[in-house]
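Letters A, B, ... are given to chains in the order of the sequence lines, protein chains preceding strands, and every chain is numbered from 1. Just the heavy atoms: all of them, side chains too, but no hydrogens, waters or symmetry mates, feed the values below.
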Number of protein chains: 2
Amino acid sequence: MRLVIARCTVDYSGRLDAHLPEAVRLIMVKADGTLAIHSDGNASKPLNWMVSPNVLETSDDRWVVSNKKGERLTITLHEIIQDVTHNLGDDPGLVKDGVEDHLQALLADKPWILEEGLTLIRREFPTDIGPVDLLCADANGVTVAVEVKRRGDIDGVEQLARYIERLDNDSRLAPVRGILTAQSIAPQAIVLAEARGIEAVEIDYDGLKEAEDTELRLFSIR
Amino acid sequence: MRLVIARCTVDYSGRLDAHLPEAVRLIMVKADGTLAIHSDGNASKPLNWMVSPNVLETSDDRWVVSNKKGERLTITLHEIIQDVTHNLGDDPGLVKDGVEDHLQALLADKPWILEEGLTLIRREFPTDIGPVDLLCADANGVTVAVEVKRRGDIDGVEQLARYIERLDNDSRLAPVRGILTAQSIAPQAIVLAEARGIEAVEIDYDGLKEAEDTELRLFSIR
DNA sequence: GACTCTATCTCGGTA
DNA sequence: TACCGAGGTAGAGTC
(Lines give C-alpha, C1' and ligand atoms only; values in the text may rest on other atoms or scores of the structure.)
Protein backbone atom coordinates (compact mmCIF):
# COMPACT_ATOMS: atom_id res chain seq x y z
CA MET A 1 0.00 0.00 0.00
CA ARG A 2 1.25 3.42 -1.01
CA LEU A 3 0.23 6.47 0.96
CA VAL A 4 0.81 9.91 -0.52
CA ILE A 5 -0.02 13.14 1.26
CA ALA A 6 -0.11 15.85 -1.37
CA ARG A 7 -1.57 19.16 -2.39
CA CYS A 8 -3.53 18.22 -5.49
CA THR A 9 -6.44 18.84 -7.82
CA VAL A 10 -8.51 15.96 -9.19
CA ASP A 11 -10.82 15.40 -12.13
CA TYR A 12 -13.06 12.37 -12.61
CA SER A 13 -14.93 11.61 -15.78
CA GLY A 14 -17.01 8.47 -16.09
CA ARG A 15 -20.34 7.60 -14.58
CA LEU A 16 -20.54 11.29 -13.84
CA ASP A 17 -18.15 14.22 -14.02
CA ALA A 18 -16.56 15.54 -10.85
CA HIS A 19 -13.83 17.98 -9.92
CA LEU A 20 -11.82 18.60 -6.76
CA PRO A 21 -10.18 22.02 -6.29
CA GLU A 22 -6.65 22.30 -4.96
CA ALA A 23 -6.16 21.09 -1.37
CA VAL A 24 -4.01 18.76 0.71
CA ARG A 25 -5.36 15.19 0.65
CA LEU A 26 -4.39 11.58 1.21
CA ILE A 27 -3.98 9.44 -1.88
CA MET A 28 -4.15 5.72 -1.03
CA VAL A 29 -3.06 3.14 -3.59
CA LYS A 30 -3.71 -0.49 -2.69
CA ALA A 31 -1.72 -3.46 -3.91
CA ASP A 32 -4.40 -4.41 -6.44
CA GLY A 33 -4.38 -0.90 -7.96
CA THR A 34 -7.47 0.41 -6.20
CA LEU A 35 -6.95 4.12 -5.61
CA ALA A 36 -8.81 6.41 -3.21
CA ILE A 37 -8.51 10.09 -2.35
CA HIS A 38 -9.46 11.11 1.17
CA SER A 39 -9.93 14.46 2.83
CA ASP A 40 -9.56 14.88 6.56
CA GLY A 41 -13.09 15.56 7.54
CA ASN A 42 -16.78 15.03 7.40
CA ALA A 43 -16.89 11.78 5.49
CA SER A 44 -15.77 8.21 5.91
CA LYS A 45 -16.03 7.70 2.16
CA PRO A 46 -13.30 8.88 -0.20
CA LEU A 47 -13.91 12.05 -2.22
CA ASN A 48 -12.84 10.27 -5.39
CA TRP A 49 -11.74 6.75 -6.20
CA MET A 50 -11.09 4.19 -8.90
CA VAL A 51 -11.38 0.50 -8.15
CA SER A 52 -9.32 -2.33 -9.56
CA PRO A 53 -8.83 -3.33 -12.33
CA ASN A 54 -7.39 -0.13 -13.72
CA VAL A 55 -4.25 1.34 -15.27
CA LEU A 56 -2.21 3.98 -13.47
CA GLU A 57 0.18 6.17 -15.48
CA THR A 58 2.35 8.48 -13.40
CA SER A 59 4.61 11.35 -14.27
CA ASP A 60 6.17 13.85 -11.87
CA ASP A 61 3.13 16.00 -11.36
CA ARG A 62 0.28 14.09 -12.98
CA TRP A 63 -1.31 10.69 -12.34
CA VAL A 64 -3.91 9.32 -14.72
CA VAL A 65 -5.97 6.27 -13.71
CA SER A 66 -8.25 4.77 -16.31
CA ASN A 67 -10.25 1.59 -16.74
CA LYS A 68 -11.91 -0.46 -19.46
CA LYS A 69 -15.29 1.19 -19.00
CA GLY A 70 -13.80 4.50 -20.12
CA GLU A 71 -13.70 6.07 -16.67
CA ARG A 72 -10.74 8.33 -16.05
CA LEU A 73 -9.33 9.93 -12.92
CA THR A 74 -6.71 12.64 -13.32
CA ILE A 75 -4.69 13.78 -10.32
CA THR A 76 -2.51 16.86 -10.64
CA LEU A 77 0.11 16.98 -7.89
CA HIS A 78 1.17 20.46 -6.82
CA GLU A 79 3.23 19.48 -3.79
CA ILE A 80 4.09 16.10 -2.32
CA ILE A 81 4.30 16.23 1.46
CA GLN A 82 4.86 12.55 2.17
CA ASP A 83 5.12 9.40 0.09
CA VAL A 84 5.46 6.03 1.84
CA THR A 85 4.93 2.45 0.71
CA HIS A 86 4.30 -0.57 2.93
CA ASN A 87 3.82 -4.19 2.00
CA LEU A 88 0.88 -5.26 4.17
CA GLY A 89 0.61 -8.81 2.83
CA ASP A 90 -2.54 -10.82 2.38
CA ASP A 91 -5.40 -10.23 4.75
CA PRO A 92 -7.15 -13.26 6.24
CA GLY A 93 -10.40 -11.35 5.80
CA LEU A 94 -13.49 -10.61 7.74
CA VAL A 95 -15.63 -13.01 9.71
CA LYS A 96 -19.25 -11.88 9.88
CA ASP A 97 -22.15 -13.23 11.82
CA GLY A 98 -25.82 -12.43 12.08
CA VAL A 99 -26.59 -11.41 8.54
CA GLU A 100 -29.59 -12.37 6.45
CA ASP A 101 -27.83 -15.21 4.66
CA HIS A 102 -27.18 -17.11 7.89
CA LEU A 103 -30.80 -16.73 8.92
CA GLN A 104 -31.94 -17.93 5.52
CA ALA A 105 -29.63 -20.97 5.59
CA LEU A 106 -30.77 -21.81 9.08
CA LEU A 107 -34.46 -21.57 8.19
CA ALA A 108 -33.95 -23.46 4.93
CA ASP A 109 -32.58 -26.24 7.09
CA LYS A 110 -35.34 -26.08 9.69
CA PRO A 111 -38.45 -24.40 8.23
CA TRP A 112 -40.68 -25.95 10.91
CA ILE A 113 -39.22 -23.38 13.31
CA LEU A 114 -41.55 -20.87 11.62
CA GLU A 115 -44.64 -23.05 11.66
CA GLU A 116 -45.33 -26.64 12.57
CA GLY A 117 -45.34 -28.95 9.54
CA LEU A 118 -43.68 -26.44 7.19
CA THR A 119 -41.35 -28.08 4.64
CA LEU A 120 -38.96 -26.53 2.13
CA ILE A 121 -39.74 -26.68 -1.60
CA ARG A 122 -36.83 -24.53 -2.72
CA ARG A 123 -34.48 -21.81 -1.52
CA GLU A 124 -34.20 -18.71 -3.77
CA PHE A 125 -37.23 -19.76 -5.82
CA PRO A 126 -37.12 -17.67 -9.02
CA THR A 127 -39.93 -15.40 -10.23
CA ASP A 128 -39.72 -12.87 -13.06
CA ILE A 129 -39.40 -10.03 -10.54
CA GLY A 130 -36.72 -11.72 -8.44
CA PRO A 131 -36.16 -14.78 -6.24
CA VAL A 132 -38.32 -15.69 -3.24
CA ASP A 133 -36.08 -16.42 -0.23
CA LEU A 134 -37.80 -19.68 0.71
CA LEU A 135 -40.69 -21.42 -1.01
CA CYS A 136 -42.35 -23.90 1.35
CA ALA A 137 -45.43 -26.05 1.77
CA ASP A 138 -47.46 -26.07 4.98
CA ALA A 139 -48.95 -29.09 6.76
CA ASN A 140 -51.98 -28.95 4.43
CA GLY A 141 -49.86 -28.75 1.27
CA VAL A 142 -50.56 -25.03 0.75
CA THR A 143 -47.70 -23.05 -0.82
CA VAL A 144 -46.01 -20.58 1.55
CA ALA A 145 -43.61 -17.86 0.39
CA VAL A 146 -41.16 -16.87 3.13
CA GLU A 147 -39.21 -13.61 3.12
CA VAL A 148 -36.22 -13.58 5.48
CA LYS A 149 -34.86 -10.28 6.78
CA ARG A 150 -32.44 -9.32 9.48
CA ARG A 151 -34.91 -6.61 10.42
CA GLY A 152 -38.51 -6.64 9.19
CA ASP A 153 -39.61 -3.31 7.68
CA ILE A 154 -42.37 -2.11 5.40
CA ASP A 155 -40.15 -2.74 2.38
CA GLY A 156 -39.97 -6.42 3.27
CA VAL A 157 -43.76 -6.69 3.45
CA GLU A 158 -44.11 -4.95 0.07
CA GLN A 159 -41.48 -7.23 -1.44
CA LEU A 160 -43.22 -10.36 -0.17
CA ALA A 161 -46.63 -9.09 -1.32
CA ARG A 162 -45.21 -8.64 -4.85
CA TYR A 163 -43.86 -12.19 -4.87
CA ILE A 164 -47.17 -13.64 -3.67
CA GLU A 165 -49.01 -11.68 -6.37
CA ARG A 166 -46.69 -13.25 -8.97
CA LEU A 167 -46.79 -16.77 -7.54
CA ASP A 168 -50.59 -16.69 -7.37
CA ASN A 169 -50.59 -16.43 -11.16
CA ASP A 170 -49.04 -19.90 -11.31
CA SER A 171 -51.91 -22.40 -11.09
CA ARG A 172 -49.55 -25.11 -9.84
CA LEU A 173 -48.71 -23.02 -6.76
CA ALA A 174 -51.84 -20.94 -6.08
CA PRO A 175 -53.12 -20.12 -3.57
CA VAL A 176 -49.97 -18.81 -1.89
CA ARG A 177 -49.65 -17.63 1.72
CA GLY A 178 -46.85 -15.41 2.99
CA ILE A 179 -44.64 -15.32 6.07
CA LEU A 180 -42.27 -12.46 6.81
CA THR A 181 -39.64 -13.46 9.33
CA ALA A 182 -36.89 -11.46 11.01
CA GLN A 183 -35.01 -11.05 14.28
CA SER A 184 -37.18 -8.04 14.97
CA ILE A 185 -40.14 -6.64 13.07
CA ALA A 186 -41.17 -3.00 13.10
CA PRO A 187 -44.71 -2.23 14.35
CA GLN A 188 -45.55 -0.52 11.04
CA ALA A 189 -44.48 -3.65 9.18
CA ILE A 190 -46.71 -5.81 11.39
CA VAL A 191 -49.69 -3.54 10.69
CA LEU A 192 -49.06 -3.60 6.93
CA ALA A 193 -48.48 -7.35 6.94
CA GLU A 194 -51.84 -7.90 8.65
CA ALA A 195 -53.55 -5.66 6.09
CA ARG A 196 -51.96 -7.74 3.32
CA GLY A 197 -52.87 -11.08 4.93
CA ILE A 198 -49.22 -11.86 5.58
CA GLU A 199 -47.95 -13.42 8.78
CA ALA A 200 -45.06 -11.80 10.64
CA VAL A 201 -42.86 -14.09 12.72
CA GLU A 202 -39.99 -12.90 14.89
CA ILE A 203 -37.27 -15.47 15.47
CA ASP A 204 -34.52 -15.58 18.04
CA TYR A 205 -31.38 -15.99 15.94
CA ASP A 206 -29.01 -16.31 18.87
CA GLY A 207 -31.25 -18.93 20.49
CA LEU A 208 -31.40 -20.87 17.24
CA LYS A 209 -27.66 -20.75 16.82
CA GLU A 210 -27.28 -22.10 20.33
CA ALA A 211 -29.79 -24.89 19.61
CA GLU A 212 -27.83 -25.60 16.44
CA ASP A 213 -24.61 -25.91 18.41
CA THR A 214 -26.26 -28.13 21.00
CA GLU A 215 -27.62 -30.35 18.25
CA LEU A 216 -24.20 -30.58 16.64
CA ARG A 217 -22.70 -31.56 19.95
CA LEU A 218 -25.37 -34.24 20.33
CA PHE A 219 -25.17 -35.71 16.87
CA SER A 220 -21.64 -35.27 15.69
CA ILE A 221 -18.10 -35.41 16.96
CA ARG A 222 -16.18 -32.17 16.71
CA MET B 1 -5.31 12.77 9.76
CA ARG B 2 -3.46 10.03 11.60
CA LEU B 3 -2.17 7.03 9.67
CA VAL B 4 -1.07 3.96 11.58
CA ILE B 5 0.36 0.87 9.93
CA ALA B 6 0.13 -1.93 12.46
CA ARG B 7 -0.18 -5.64 13.00
CA CYS B 8 -3.54 -5.89 14.71
CA THR B 9 -6.70 -7.85 15.46
CA VAL B 10 -10.10 -6.17 15.41
CA ASP B 11 -13.52 -6.90 16.85
CA TYR B 12 -16.71 -5.10 15.95
CA SER B 13 -19.95 -5.50 17.80
CA GLY B 14 -23.01 -3.53 16.85
CA ARG B 15 -25.33 -3.91 13.89
CA LEU B 16 -23.63 -7.27 13.43
CA ASP B 17 -20.65 -9.02 14.95
CA ALA B 18 -17.39 -9.24 13.03
CA HIS B 19 -13.83 -10.22 13.77
CA LEU B 20 -10.55 -9.60 11.97
CA PRO B 21 -7.69 -12.06 12.64
CA GLU B 22 -4.16 -10.78 13.16
CA ALA B 23 -2.59 -9.09 10.13
CA VAL B 24 -0.85 -5.87 9.09
CA ARG B 25 -3.35 -3.17 8.20
CA LEU B 26 -3.75 0.58 7.80
CA ILE B 27 -5.69 2.39 10.50
CA MET B 28 -6.88 5.80 9.33
CA VAL B 29 -8.20 8.32 11.85
CA LYS B 30 -9.69 11.49 10.41
CA ALA B 31 -9.85 14.86 12.11
CA ASP B 32 -13.52 14.40 13.02
CA GLY B 33 -12.83 11.05 14.72
CA THR B 34 -13.98 8.84 11.85
CA LEU B 35 -11.85 5.69 11.91
CA ALA B 36 -11.32 3.15 9.15
CA ILE B 37 -9.26 -0.04 8.88
CA HIS B 38 -7.98 -0.96 5.43
CA SER B 39 -6.29 -4.05 4.07
CA ASP B 40 -4.07 -3.92 1.00
CA GLY B 41 -6.25 -5.71 -1.48
CA ASN B 42 -9.50 -6.73 -3.01
CA ALA B 43 -11.73 -4.03 -1.65
CA SER B 44 -12.14 -0.30 -1.90
CA LYS B 45 -14.19 -0.32 1.28
CA PRO B 46 -12.55 -0.53 4.68
CA LEU B 47 -12.72 -3.89 6.45
CA ASN B 48 -14.07 -2.18 9.52
CA TRP B 49 -14.90 1.40 10.41
CA MET B 50 -16.62 3.69 12.85
CA VAL B 51 -17.98 7.03 11.72
CA SER B 52 -18.10 10.26 13.67
CA PRO B 53 -19.41 11.03 16.24
CA ASN B 54 -17.65 8.49 18.42
CA VAL B 55 -15.33 8.19 21.39
CA LEU B 56 -11.82 6.76 21.03
CA GLU B 57 -10.02 5.45 24.10
CA THR B 58 -6.42 4.45 23.52
CA SER B 59 -3.89 2.62 25.61
CA ASP B 60 -0.55 1.21 24.47
CA ASP B 61 -1.87 -1.90 22.80
CA ARG B 62 -5.64 -1.45 22.68
CA TRP B 63 -7.95 1.11 21.05
CA VAL B 64 -11.64 1.08 21.80
CA VAL B 65 -14.01 3.17 19.66
CA SER B 66 -17.63 3.34 20.71
CA ASN B 67 -20.67 5.42 19.88
CA LYS B 68 -24.03 6.35 21.33
CA LYS B 69 -25.85 3.56 19.49
CA GLY B 70 -23.91 0.96 21.47
CA GLU B 71 -21.58 -0.03 18.64
CA ARG B 72 -18.06 -0.85 19.68
CA LEU B 73 -14.87 -1.40 17.73
CA THR B 74 -11.91 -2.89 19.58
CA ILE B 75 -8.46 -2.80 17.99
CA THR B 76 -5.67 -4.80 19.60
CA LEU B 77 -2.26 -3.59 18.42
CA HIS B 78 0.46 -6.24 18.29
CA GLU B 79 3.12 -4.21 16.49
CA ILE B 80 3.14 -0.62 15.27
CA ILE B 81 5.13 -0.24 12.06
CA GLN B 82 4.44 3.40 11.34
CA ASP B 83 2.46 6.16 12.98
CA VAL B 84 2.23 9.56 11.28
CA THR B 85 -0.11 12.53 11.67
CA HIS B 86 -0.76 15.28 9.11
CA ASN B 87 -2.99 18.30 9.33
CA LEU B 88 -4.70 18.38 5.95
CA GLY B 89 -6.95 21.35 6.61
CA ASP B 90 -10.43 21.90 5.27
CA ASP B 91 -11.36 20.50 1.91
CA PRO B 92 -13.21 22.72 -0.57
CA GLY B 93 -15.29 19.68 -1.55
CA LEU B 94 -16.54 17.95 -4.64
CA VAL B 95 -18.30 19.41 -7.70
CA LYS B 96 -20.54 16.88 -9.48
CA ASP B 97 -22.50 16.72 -12.74
CA GLY B 98 -24.79 14.09 -14.22
CA VAL B 99 -26.92 12.89 -11.30
CA GLU B 100 -30.70 12.46 -11.04
CA ASP B 101 -31.29 16.08 -10.23
CA HIS B 102 -29.79 17.11 -13.59
CA LEU B 103 -31.95 14.64 -15.48
CA GLN B 104 -35.00 15.98 -13.72
CA ALA B 105 -34.11 19.57 -14.52
CA LEU B 106 -33.54 18.67 -18.14
CA LEU B 107 -36.87 16.86 -18.48
CA ALA B 108 -38.71 19.59 -16.61
CA ASP B 109 -37.42 21.90 -19.30
CA LYS B 110 -38.28 19.60 -22.21
CA PRO B 111 -40.96 17.09 -21.16
CA TRP B 112 -41.90 16.40 -24.81
CA ILE B 113 -38.72 14.34 -25.04
CA LEU B 114 -40.64 11.65 -23.13
CA GLU B 115 -43.80 11.81 -25.20
CA GLU B 116 -45.03 14.12 -27.92
CA GLY B 117 -47.29 16.86 -26.61
CA LEU B 118 -46.34 16.40 -22.96
CA THR B 119 -46.26 19.67 -21.00
CA LEU B 120 -45.10 20.38 -17.46
CA ILE B 121 -47.66 21.23 -14.78
CA ARG B 122 -45.20 21.28 -11.90
CA ARG B 123 -41.85 19.93 -10.78
CA GLU B 124 -41.73 18.23 -7.33
CA PHE B 125 -45.53 18.18 -7.11
CA PRO B 126 -46.37 17.49 -3.45
CA THR B 127 -48.52 14.58 -2.25
CA ASP B 128 -49.00 13.44 1.32
CA ILE B 129 -46.52 10.60 0.81
CA GLY B 130 -43.84 12.71 -0.86
CA PRO B 131 -43.24 14.80 -3.97
CA VAL B 132 -43.80 13.55 -7.53
CA ASP B 133 -40.73 14.37 -9.63
CA LEU B 134 -42.69 15.85 -12.54
CA LEU B 135 -46.44 16.31 -12.90
CA CYS B 136 -47.38 16.75 -16.56
CA ALA B 137 -50.34 16.82 -18.93
CA ASP B 138 -50.38 14.85 -22.18
CA ALA B 139 -51.65 16.02 -25.58
CA ASN B 140 -55.22 15.08 -24.53
CA GLY B 141 -54.99 16.93 -21.23
CA VAL B 142 -54.66 13.74 -19.19
CA THR B 143 -52.50 14.04 -16.05
CA VAL B 144 -49.18 12.18 -16.22
CA ALA B 145 -46.97 11.53 -13.18
CA VAL B 146 -43.30 11.14 -14.14
CA GLU B 147 -40.72 9.49 -11.91
CA VAL B 148 -37.12 10.28 -12.90
CA LYS B 149 -34.30 7.92 -11.94
CA ARG B 150 -30.69 7.54 -12.95
CA ARG B 151 -31.39 3.81 -13.09
CA GLY B 152 -34.93 2.39 -13.18
CA ASP B 153 -35.52 -0.44 -10.70
CA ILE B 154 -38.50 -2.13 -9.11
CA ASP B 155 -38.44 0.36 -6.25
CA GLY B 156 -39.02 3.20 -8.71
CA VAL B 157 -42.10 1.48 -10.16
CA GLU B 158 -43.55 0.94 -6.69
CA GLN B 159 -42.84 4.52 -5.74
CA LEU B 160 -44.57 5.83 -8.86
CA ALA B 161 -47.53 3.44 -8.38
CA ARG B 162 -48.01 4.82 -4.86
CA TYR B 163 -47.99 8.40 -6.15
CA ILE B 164 -50.52 7.58 -8.89
CA GLU B 165 -52.80 5.91 -6.33
CA ARG B 166 -52.64 9.11 -4.29
CA LEU B 167 -53.14 11.48 -7.21
CA ASP B 168 -56.11 9.46 -8.50
CA ASN B 169 -57.92 10.37 -5.27
CA ASP B 170 -57.83 14.00 -6.37
CA SER B 171 -60.83 14.52 -8.66
CA ARG B 172 -59.15 17.53 -10.29
CA LEU B 173 -56.29 15.35 -11.52
CA ALA B 174 -57.81 11.86 -12.02
CA PRO B 175 -57.34 9.79 -14.03
CA VAL B 176 -53.54 9.81 -13.79
CA ARG B 177 -51.10 7.92 -16.03
CA GLY B 178 -47.52 7.13 -15.07
CA ILE B 179 -44.16 7.25 -16.83
CA LEU B 180 -40.97 5.89 -15.28
CA THR B 181 -37.92 7.28 -17.01
CA ALA B 182 -34.22 6.55 -16.53
CA GLN B 183 -30.96 6.21 -18.40
CA SER B 184 -31.44 2.44 -18.13
CA ILE B 185 -34.33 0.37 -16.83
CA ALA B 186 -34.03 -3.14 -15.36
CA PRO B 187 -36.06 -5.91 -17.05
CA GLN B 188 -37.83 -6.73 -13.78
CA ALA B 189 -38.86 -3.11 -13.46
CA ILE B 190 -40.29 -3.20 -17.01
CA VAL B 191 -42.29 -6.34 -16.16
CA LEU B 192 -43.68 -4.80 -13.00
CA ALA B 193 -44.37 -1.47 -14.73
CA GLU B 194 -46.41 -3.25 -17.40
CA ALA B 195 -48.35 -5.12 -14.71
CA ARG B 196 -49.07 -1.76 -13.05
CA GLY B 197 -50.03 -0.02 -16.31
CA ILE B 198 -47.02 2.26 -16.12
CA GLU B 199 -44.88 3.22 -19.11
CA ALA B 200 -41.11 2.80 -18.93
CA VAL B 201 -39.01 5.15 -21.05
CA GLU B 202 -35.22 5.04 -21.34
CA ILE B 203 -33.51 8.33 -22.18
CA ASP B 204 -30.00 9.15 -23.36
CA TYR B 205 -28.72 11.79 -20.94
CA ASP B 206 -25.45 12.40 -22.76
CA GLY B 207 -27.27 12.80 -26.06
CA LEU B 208 -29.70 15.22 -24.48
CA LYS B 209 -26.90 17.22 -22.90
CA GLU B 210 -25.25 17.45 -26.30
CA ALA B 211 -28.50 18.55 -27.91
CA GLU B 212 -28.77 21.09 -25.12
CA ASP B 213 -25.31 22.43 -25.86
CA THR B 214 -26.06 22.59 -29.60
CA GLU B 215 -29.26 24.44 -28.89
CA LEU B 216 -27.44 26.85 -26.64
CA ARG B 217 -24.92 27.46 -29.34
CA LEU B 218 -27.77 28.11 -31.78
CA PHE B 219 -29.86 30.35 -29.59
CA SER B 220 -27.50 32.16 -27.28
CA ILE B 221 -24.12 33.75 -27.22
CA ARG B 222 -21.64 32.11 -24.88
C1' DG C 1 -33.86 13.76 15.64
C1' DA C 2 -36.43 10.84 12.48
C1' DC C 3 -37.57 9.93 7.81
C1' DT C 4 -36.72 9.66 2.76
C1' DC C 5 -34.11 8.84 -1.19
C1' DT C 6 -29.76 8.86 -4.03
C1' DA C 7 -25.33 6.62 -5.15
C1' DT C 8 -19.12 6.83 -9.64
C1' DC C 9 -22.98 3.30 -4.03
C1' DT C 10 -19.90 -1.53 -2.93
C1' DC C 11 -20.16 -6.35 -2.58
C1' DG C 12 -21.48 -11.01 -3.23
C1' DG C 13 -24.15 -14.30 -5.63
C1' DT C 14 -26.02 -16.55 -9.68
C1' DA C 15 -27.56 -17.34 -14.45
C1' DT D 1 -19.98 -11.38 -18.05
C1' DA D 2 -24.20 -9.03 -16.67
C1' DC D 3 -27.87 -8.69 -13.57
C1' DC D 4 -29.92 -8.55 -8.97
C1' DG D 5 -30.48 -7.92 -4.02
C1' DA D 6 -28.25 -6.80 0.59
C1' DG D 7 -25.77 -3.51 3.23
C1' DG D 8 -22.90 -2.15 10.02
C1' DT D 9 -25.08 0.61 3.37
C1' DA D 10 -23.22 6.24 3.70
C1' DG D 11 -24.65 10.78 2.85
C1' DA D 12 -27.74 14.60 1.73
C1' DG D 13 -31.91 16.84 2.13
C1' DT D 14 -36.44 17.57 4.36
C1' DC D 15 -39.74 17.79 8.05
### Query
Which whole number of Å gives the distance between the C1' atom of C:dA7 and that of C:dC11?
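Result for the C1' pair: 14 Å, nearest Å.
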### Task
Considering only atom C1', compute the distance from C:dC9 to C:dC5 and round it to an integer number of Å.
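Per the computed distance, 13 Å lies between those C1' atoms.
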For [N], does OP1 or OP2 lie under 4.0 Å from any side-chain N or O of [X]?
| X | N | value |
| --- | --- | --- |
| B:Q159 | C:dT4 | no |
| B:S44 | C:dT8 | no |
| B:W49 | D:dT9 | no |
| B:R15 | D:dT9 | yes |

Touch class at under 4.0 angstrom, heavy-atom based, for [X] against every strand present:
| X | value |
| --- | --- |
| B:P187 | sugar-phosphate |
| A:Q104 | nothing |
| A:G130 | sugar-phosphate |
| A:I129 | sugar-phosphate |
| B:N48 | base |
| B:A43 | sugar-phosphate |
| B:Y163 | sugar-phosphate |

Under a 3.5 Å cutoff, is there a donor and acceptor pairing between the side chains of [X] and [Y]?
| X | Y | answer |
| --- | --- | --- |
| A:Q183 | A:K149 | no |
| B:Y163 | B:E147 | no |
| A:H38 | A:K45 | no |

### Task
Can you spot which of B:V51, B:V65, B:N48 makes a side chain to side chain contact (heavy atoms under 4.5 Å, CB included) with B:L35?
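By the side chain to side chain contact (heavy atoms under 4.5 Å, CB included) criterion, B:L35 pairs with just one of B:V51, B:V65, B:N48: B:V65.
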### Query
Is the shortest side-chain N to carboxylate O distance from A:D170 to A:R172 below 4.0 Å?
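Looking at A:D170 and A:R172, the cut-off is met.
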### Message
Using heavy-atom distances to pick each residue's nearest nucleotide on DNA chain D, tell me which of B:L73 and A:K45 is more 5'.
### Response
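Between the two, 5'-proximity favours B:L73.
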Starting from [atom2] on [N], measure out to [atom1] on [X] and report it in whole angstrom.
| X | N | atom1 | atom2 | answer |
| --- | --- | --- | --- | --- |
| B:N67 | D:dG8 | CG | C1' | 10 Å |
| A:D11 | C:dT8 | CG | P | 16 Å |
| B:D155 | C:dT6 | CG | P | 9 Å |
| B:K68 | C:dG1 | NZ | C1' | 10 Å |
| A:F125 | C:dT14 | CZ | C1' | 16 Å |
| A:R151 | D:dG7 | CZ | P | 13 Å |
| B:I185 | D:dC3 | CD1 | C1' | 15 Å |
| A:Q188 | C:dC3 | CD | C1' | 11 Å |

### Query
Of all the nucleotides listed (D:dG8, C:dA7, D:dA6), which has the minimum atom distance to the side chain of B:E100?
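Per side-chain heavy atoms of B:E100, the pick is C:dA7.
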### Query
Mapping B:R150 and A:E124 to their closest nucleotides on DNA chain C, which lands nearer the 5' end?
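Its nearest nucleotide being more 5', the pick is B:R150.
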### Query
Which sits closer to the 5' end of DNA chain C, B:P46 or A:M50, going by the nucleotide each is nearest to?
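Mapping each residue to its closest nucleotide by heavy atoms, the 5'-most match is A:M50.
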### Task
Searching all strands shown, indicate the nucleotide that pairs with D:dG8 (Watson-Crick or G-U wobble; both distances under 3.5 Å).
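Pairing partner, where one exists within any strand: none, as none qualifies.
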### Query
Would you say A:R72 has more than 12 foreign heavy atoms packed within less than 6.0 Å of its CZ?
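Not buried by this count: 12 neighbours or fewer within 6.0 Å.
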